[in-house]
Amino acid sequence: MGRRFWRLVILVLILAVVLYPLLWMLGTSFKSREEIATNIGLWPDVFTPGNFRDGWQNFDVSFGRFFANSAMVALLTVVGNAVSCLLAAYAFARLRFRMRKVWFAIMIGTLLLPGHVLIIPQYVLFKQLGWVGGDWPYLPLLVPQFLATEAFFVFLMVQFMRGIPYELDEAAKIDGASPYTVFAHVIVPLSRPALVTTAIFSFIWTWNDFFRQLVFLSDLQDYTVPVALTLFIDSTSESAVGPMFAMSLLSLVPVFLFFVAFQRLLVEGINTSGIKG
């Protein structure tokens, strides 16, 4: 009984440490500018709900536009990663072709390259293609996702597909199924946990991405939420800290809802290593 009690106490303390930044953000979003500088407590002395209104209307473009931009980029990234990485993983895991292991090793090697090293040649390439600052400003963010450039998700799906019994492929081929039919009717349905895991992490990482979006997006109306939040801090004028925290709190809602909606499938995708015959 005593061991269970202390275990519960430790878990509650850990939960308090984890939730403290979120609670502090929640309380700060209702503080006035003067109280933010003087009150370091969790809850405001005087609630200021106007921070949400001011943050939503702080710029020439409504903050709802930034939410729409982020949602569009994140959802298309989810589709691109899911489709392209699934196709690439199927080729590495189930098909036989020359230098398959070499190409797979090269792909894994790209995980060792920091994204900040690749951003300069990518920017030069997309600039030469006319994608940076053009009529389609999101192409540099979206096109690579449809070309299976996320090696982590390819590796995740390859490992998952290797756990699917090859007997299913052979049985389908005996019935006259082509590799495309095997992929569509055998591999894809059984790879749903890995697909959901890819979708969740793609959405969260893209929604929270700041650096790439800052580099490739130049017009205010094209900004996403992470980039727009930096506009509240202006070194040449008064900073709108209260509205910034209010919009930061709202920016967590889509990620939270997306995670809650697919939490069960996410755990299944992480824990499942394949079908055991």
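Closest approach of Ser84 and Ala148 over heavy atoms only: OG-N, 3.2 Å. Listed here is the closest heavy atom pair of Arg162 and Ala93: CG-CB, 4.4 Å. The heavy-atom pair separating Thr28 from Trp24 by the smallest distance is OG1-O, 2.7 Å. Between Phe52 and Met247, the shortest heavy-atom contact is O-CE, 3.5 Å.
Counting heavy-atom neighbours within 6.0 Å of Asp60 CG, excluding the residue itself, gives a total of 12 or less. Other residues, nucleotides and ligands place no more than 12 heavy atoms under 6.0 Å from the OH atom of Tyr180. Heavy-atom contacts from other residues, nucleotides or ligands closer than 6.0 Å to CG of Leu257 number more than 12. Counting non-hydrogen atoms of neighbouring residues, nucleotides and ligands closer than 6.0 angstrom, the CH2 atom of Trp43 exceeds 12 such neighbours. By the 6.0 Å contact criterion, CZ on Arg96 is enclosed, its count of non-hydrogen atoms from other residues, nucleotides or ligands being greater than 12.
Between Trp56 and Phe67, the ring-plane angle classifies as parallel under the 30° and 60° cut-offs. The aromatic rings of Tyr123 and Phe216 sit parallel to each other, their planes meeting at less than 30°, with 60° as the upper class boundary. Relative ring orientation between Phe152 and Phe201 is described as perpendicular, the plane-to-plane angle rising above 60° on a 0-90° scale split at 30° and 60°.
Residues Thr224 and Leu141 form no side-chain contact, since every pair of their non-hydrogen atoms from C-beta on lies 4.5 Å or further apart. Residues Gln213 and Pro226 form a side-chain contact, since some pair of their non-hydrogen atoms from C-beta on lies under 4.5 Å apart. Considering only heavy atoms from C-beta on, Val73 stays 4.5 Å or farther from Trp207 through its side chain. In this structure the side chain of Thr181 reaches within 4.5 angstrom of the side chain of Ser178, judged on heavy atoms. Counting only heavy atoms from C-beta outward, the side chains of Ser29 and Asn51 never approach each other to under 4.5 Å. A heavy-atom distance below 4.5 Å is found between the side chains of Ser191 and Met161. Put simply, the side chain of Val158 does not reach to within 4.5 Å of the side chain of Phe155, judged on heavy atoms. Counting heavy atoms from C-beta on, the side chains of Leu76 and Met72 come closer than 4.5 Å.
Under a 3.5 Å cut-off, the side chain of Asn69 and the backbone N or O of Tyr223 do form a donor-acceptor pair. A donor-acceptor contact shorter than 3.5 Å links the side chain of Ser62 to the backbone of Gly64. Asp209 places no side-chain N or O within donor-acceptor distance of the main-chain N or O of Trp205, the cut-off being under 3.5 Å. Distance alone, capped at 3.5 Å, places no donor-acceptor pair between the Tyr90 side chain and the Met157 backbone. No donor-acceptor pair closer than 3.5 Å links the side chain of Thr206 to the backbone N or O of Phe203.
Of the candidates Tyr138, Trp131, Trp136, Phe126, Trp131 is the only one forming a side chain to side chain contact (heavy atoms under 4.5 Å, CB included) with Val143.
Atom NE2 of His185 is separated from atom CG of Asp175 by 12.0 Å, given to the nearest 0.5 angstrom. Between atom CG of residue Leu168 and atom CD1 of residue Ile187 there is a gap of 7.5 Å, rounded to the nearest 0.5 Å.
Using a 4.5 Å cut-off between side-chain heavy atoms of Ile, Leu, Val, Met, Phe, Trp and Tyr, with links allowed through other members, Val260 and Val255 fall into different hydrophobic clusters. No single ILVMFWY cluster, assembled from side-chain heavy atoms under 4.5 Å apart, contains both Ile164 and Tyr166. Cluster annotation: Val124 and Leu118 are assigned to distinct hydrophobic clusters (Ile/Leu/Val/Met/Phe/Trp/Tyr, side-chain heavy-atom contacts under 4.5 Å, transitive).
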Review point. Which is it for Val227 and Phe210 under the side-chain contact (heavy atoms from CB on, under 4.5 Å) test, yes or no, and what are the steps along the way?
Key: CA-CA 6 Å; Val227 180; Phe210 170 75; 4.3 Å; yes
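With hydrogens and angles left out, the side-chain atoms of Ser251 and Ser248 include no donor and acceptor closer than 3.5 Å.
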